[in-house]
Amino acid sequence: MDANKFMALAFEQANAAEKAGEVPIGAVVVDARGRVLGLGHNRNRERLDPTAHAEIEAIRAACQNLGQARLDGCDLYVTLEPCPMCAQAIAFAQIRRLVFGAYDPKGGGVEHGPRIFNQSSCHHQPEVIGGIGETEAGSLLRAFFQARRD
């Protein structure tokens, strides 16, 4: 697992989101051999879709690429701790490993909030690794929201 390489791709996606005026969050789905299967970034405003989060976009792209609804053996790299909706989608897709950057005490659904993977109703729990690129992810998000307040 080359977490830094794949997190760099996720940050490229986050930067693309920011350039488009979206919240700068990016995600990448990678198979067990290290092939990138899906890329995504937030597109809520572009698509007029509240579910168009980076993780959902990357999962959808990977599923289309593989021609299946499950991503067994695949890893998801994302710049921010997934929200509860995205955490549930990760479980449904049966992602093997989730690697994320910044923790999200307010909106996260993995290490914070409802902790989706710890619920008895969650039938798949991926391995979770948080804090990879945390400083960069946090800085990117703070700068984005600060610019909106100025």
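Here the structure is a predicted model, which means the values were calculated and not measured.
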Please check this pair: side chain of [X] against backbone of [Y], looking for a donor-acceptor N/O pair closer than 3.5 Å.
X: T79; Y: A10; result: no
X: Q68; Y: R70; result: yes
X: Q125; Y: C122; result: yes

If you take all heavy atoms of [X] and [Y], which pair is closest and at what distance?
X: H112; Y: E81; value: ND1-OE1, 2.8 Å
X: E18; Y: P24; value: CB-CB, 3.8 Å
X: P84; Y: G107; value: CD-O, 3.4 Å
X: N44; Y: E22; value: N-OE1, 3.2 Å
X: M85; Y: P50; value: CE-O, 4.1 Å
X: P114; Y: G109; value: CD-CA, 4.1 Å

Could you check whether any side-chain heavy atom of [X] comes within less than 4.5 Å of a side-chain heavy atom of [Y], counting everything from C-beta outward?
X: C74; Y: R96; answer: no
X: E55; Y: V28; answer: no
X: D75; Y: F6; answer: no
X: R60; Y: C63; answer: no

Looking at [atom1] of [X] and [atom2] of [Y], how far apart are the two atoms once the value is rounded to the nearest 0.5 Å?
X: Q13; Y: F11; atom1: CD; atom2: CZ; value: 12.5 Å
X: Q94; Y: D72; atom1: CD; atom2: CG; value: 5.0 Å
X: M7; Y: N4; atom1: CE; atom2: CG; value: 9.0 Å
X: Q88; Y: H124; atom1: CD; atom2: NE2; value: 11.0 Å

V30 and R35: CA distance, side-chain angles, deciding distance, side-chain contact (heavy atoms from CB on, under 4.5 Å) verdict:
CA-CA 5 Å; V30 180; R35 287 185 311 150; 5.8 Å; no

Indicate whether any N or O donor in one side chain lies under 3.5 Å from an N or O acceptor in the other, for H41 and E57.
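No.
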
Which residues end up grouped with L98 if you chain together Ile, Leu, Val, Met, Phe, Trp and Tyr wherever their side-chain heavy atoms are less than 4.5 Å apart?
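Besides L98, the cluster holds V23, I25, V29, L37, I59, L66, L71, L76, V78, L80, I90, I95, F100, Y103, V110, I116, F117, V128, L141, F144, F145.
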
Please lay out, stage by stage, how D49 and R43 fare under the test side-chain contact (heavy atoms from CB on, under 4.5 Å).
CA-CA 8 Å; D49 180 356; R43 293 178 181 228; over 6 Å; no

